[in-house]
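Structure, as structure tokens:
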Amino acid sequence: MTPYRAVIGLAGHVDHGKTLLIKTLTGITTARAHEQAIGMTQDLGFAHFDDGQGNTIGVIDVPGHERYIRNMVAGLWSLDLVLLVIAADEGWMPMTGDHLRLLKAMGVPRLLVCINKCDLVSPDELELLEESLLERVMDESGMVPDIVSVSAKTGANMAALHTAIVRQLRDMAEHHALREQVAPRLYVDRVFTANGTGTVLTGTLQQGSLKVGDKLRLYPADREVQVRSLQAYHQSVEEIGAVCRVAVGLKKVPHKEVTRGHCLTSATGQCEAATHLIVRLNAERLSGKALRTQEVEVALGSWHGRARFVPIKEAPINELPIKDTRLARLIFATPIPCFFGQPLAIIRHGSSELLHGARIVWCGDIHPARRKALHALLGELPDPLDRYNPATLQLGLNGYVLASRFDERPEQVTPLGEWLIDNHWLAQSRDQLLATLKSEPLSAAELATRFGIALPVTQALLQQLKIEQLVRLHHDKWQPGSGESEDDLGQEAQLVLKVVRDQGKEGYEPGKLGPGGVALDPFITRKLPAALRQGLLRNGLQKNCALQKQLRNLARLQYLVQLDGPIYYDTALYNQMVAAVLAGQQVGDLIDMASLKEITGLSRKYAIPFCLRMEMDGWVRREENERRVLRLPQTQDEMEPA
């Protein structure tokens, strides 16, 4: 027989014998001393037993009284099988129905009806009860359960119950093997401090595996934690796989920072810490119900608490009345850890009545302007959601998604770096970017903000357009055209270029600090390689070969202009000053030095090297103390760097 691990639970009306049944099945008393004194389970209890084939089965005892319904649902989320316990002498009770509906809402996959106290009724009465319970469970849940009648007190038929449990779990062994291959997921149901270990949390490892030393994420704080120790059924282990009750010791995590309802998973576990959810209500609970906005209680995972329930209605069309959809928004006061497709129960505030079972179809808030599009996509989701990849939603809504979110590439997409881009969205976005840049150069961040596109995707789109020679980066702004693009420069060259540009009309003079030189911003120098940084900051900068090489190369590429001195200017700034000097002039006109200094705003120290560079470039010729205009720029393009 294939090895497997599983966790089952017992639910049912108060005083129908669940705790005694567990003791008879496992030999373990789950009730605490104070619970035994009052004869009522108030919180979750835990036990385990061997299936006879070397596999350990975890058992969770959930409270039966309606006052403890919130504790009950905390134990249901991860179960493979639930025994719905019904006393033979009392039969179906109000909480029996409530528990059954909660089981269905929380997504419990299998149900076994266990009639306890069969020694208190006659065989004929027991047979009639079995028939009526089978019919009622089928009507309430849609499941067709096995039914086993036992007496926990006398031990009658307990072997048959054991066999029925093992048979159902054995059928799920292959499914469990697949669950170990995904990211771990454990909702916390207890937290305590142990001497020598520190903070310990317990819960059911629903999927994946854990091992000592693992670095995981704890939600909703989204903080990294490390596994110090592991125990499964009171045995220390180095590694354990799902599905299993575990105790996890964490390194350096204060006890007060973890509580029931928190979730332990990996960085790839796709857990969200959200204050807004959109859920799809289960169809069987909607018949004849008018949905309304109200305060409710929500149970998901081992978490429960209050939320605001807001039905999502269809927009009116041609004056037709607004209709309810199966979608609703849940709004929480604080973030809760959750997953796409996760089942949850919506309970009437202050009572044990289940209002709705639901599945999460969207985690997080969304801008009102995009809600209509999202609701349309959510309305087309398949039922069930088990095999649906939520990345498909992101692709449909945003037009792009990380390629790593798909095992197989979907149709009608184009790979772009680490992204998959919807073909229609890609064509539309290219046109928008090019049209915008034609009217005004913008940075990648400005474009991302304007169009509401993630910055990494905007950068990937721009790089593709650059490869096609449709855009280039100039002065940190993207603009139409081909040619040299500043982002092709190395990191050192880009930083040196920024230093020169930041100097403005002061120019950059290698070898000088202070006035007329440069005092480098610490933010810039921190990013420089050590050798270049030391050279930039020490006296005698002109001796720094790395810096000199970068400056000369930037001048060769026409990003910089070298004046006599040497003094380096940004080419665009130099061209602007040349255009200002020549504005309104005619070929043959004379420009005196005073006028040139006034137009450019340069002191004599920089005006003379500037004039010499203009002479070298053939714009003017010196005649004593004046400069004669030799030529004028024919077009604006002539004043732009190549």
Side-chain angles (χ1 to χ4, degrees), residues 1-9 26 28 44 46-60 75 77-81 109 166 169-219 221-253 255 257-258 260-271 301-302 337 339 404 407:
M1 177 176 156
T2 304
Y4 68 94
R5 284 176 289 270
V7 178
I8 68 172
T26 69
I28 298 171
L44 303 177
F46 306 98
H48 58 275
F49 68 95
D50 189 283
D51 69 348
Q53 302 291 328
N55 302 300
T56 301
I57 310 302
V59 182
I60 299 179
W77 75 278
S78 59
L79 301 178
D80 300 297
L81 169 69
V166 172
L169 296 178
R170 187 174 57 234
D171 293 343
M172 302 176 69
E174 184 177 344
H175 176 60
H176 285 169
L178 295 175
R179 286 165 74 172
E180 284 195 40
Q181 300 170 15
V182 295
R185 184 181 301 180
L186 182 151
Y187 270 99
V188 177
D189 50 41
R190 286 193 303 165
V191 185
F192 56 91
T193 301
N195 291 333
T197 302
T199 298
V200 178
L201 55 86
T202 70
T204 301
L205 180 61
Q206 186 200 33
Q207 63 179 48
S209 61
L210 297 175
K211 63 181 177 180
V212 174
D214 275 352
K215 290 185 177 179
L216 303 169
R217 309 295 300 182
L218 184 64
Y219 290 86
D222 191 15
R223 63 172 291 183
E224 185 177 82
V225 297
Q226 188 170 15
V227 177
R228 180 196 295 269
S229 63
L230 284 172
Q231 277 197 357
Y233 306 118
H234 309 299
Q235 299 292 320
S236 293
V237 294
E238 287 295 312
E239 185 173 1
I240 193 69
V243 174
C244 184
R245 290 292 305 171
V246 294
V248 185
L250 298 180
K251 288 184 177 180
K252 299 179 181 179
V253 178
H255 170 246
E257 293 186 11
V258 190
R260 175 180 286 183
H262 287 187
C263 186
L264 190 65
T265 182
S266 69
T268 60
Q270 299 183 16
C271 184
S302 61
F339 301 84
S404 59
D407 294 328

With rounding to the nearest 0.5 angstrom, report the [atom1] to [atom2] distance, [X] to [Y].
X	Y	atom1	atom2	result
Leu264	Arg185	CG	CZ	12.0 Å
Leu230	Gln235	CG	CD	13.0 Å
Ser266	Glu224	OG	CD	11.5 Å
Ile60	Ile8	CD1	CD1	9.5 Å
Ser236	Gln231	OG	CD	4.5 Å
Leu218	Leu201	CG	CG	7.0 Å

Looking at [X] and [Y], what are the two nearest heavy atoms and their distance?
X	Y	answer
Pro184	Leu210	CB-CD2, 3.8 Å
Val200	Ala247	CG1-CB, 4.0 Å
Arg5	Ile240	CD-CD1, 4.1 Å

Do the side chain of [X] and the main chain of [Y] share a donor and acceptor less than 3.5 angstrom apart?
X	Y	value
Gln181	Gly208	no
Ser209	Gly241	no
Asp214	Leu216	no
Thr199	Val253	yes
Tyr219	His262	no
Arg217	Asp222	yes
Thr202	Val246	no

[X] versus [Y]: any side-chain heavy-atom pair under 4.5 Å?
X	Y	value
Asn55	Val166	no
Cys263	Val188	no
Thr265	Leu186	no
Val59	Val7	no
Gln226	Leu250	no

Checking Glu257 now: which residues fulfil salt bridge (charged side-chain N to carboxylate O under 4.0 Å, His left out) with it, not counting sequence neighbours?
Arg223
Could I get the full list of salt bridge (charged side-chain N to carboxylate O under 4.0 Å, His left out) partners for Arg228, not counting sequence neighbours?
none
Should the pair Tyr187 and Phe339 be assigned to parallel (<30°), tilted (30 to 60°) or perpendicular (>60°) ring geometry?
perpendicular
Counterpart residues, side chain to side chain donor-acceptor pair (under 3.5 Å), relative to Arg245 (two or more places apart):
Asp189, Thr204
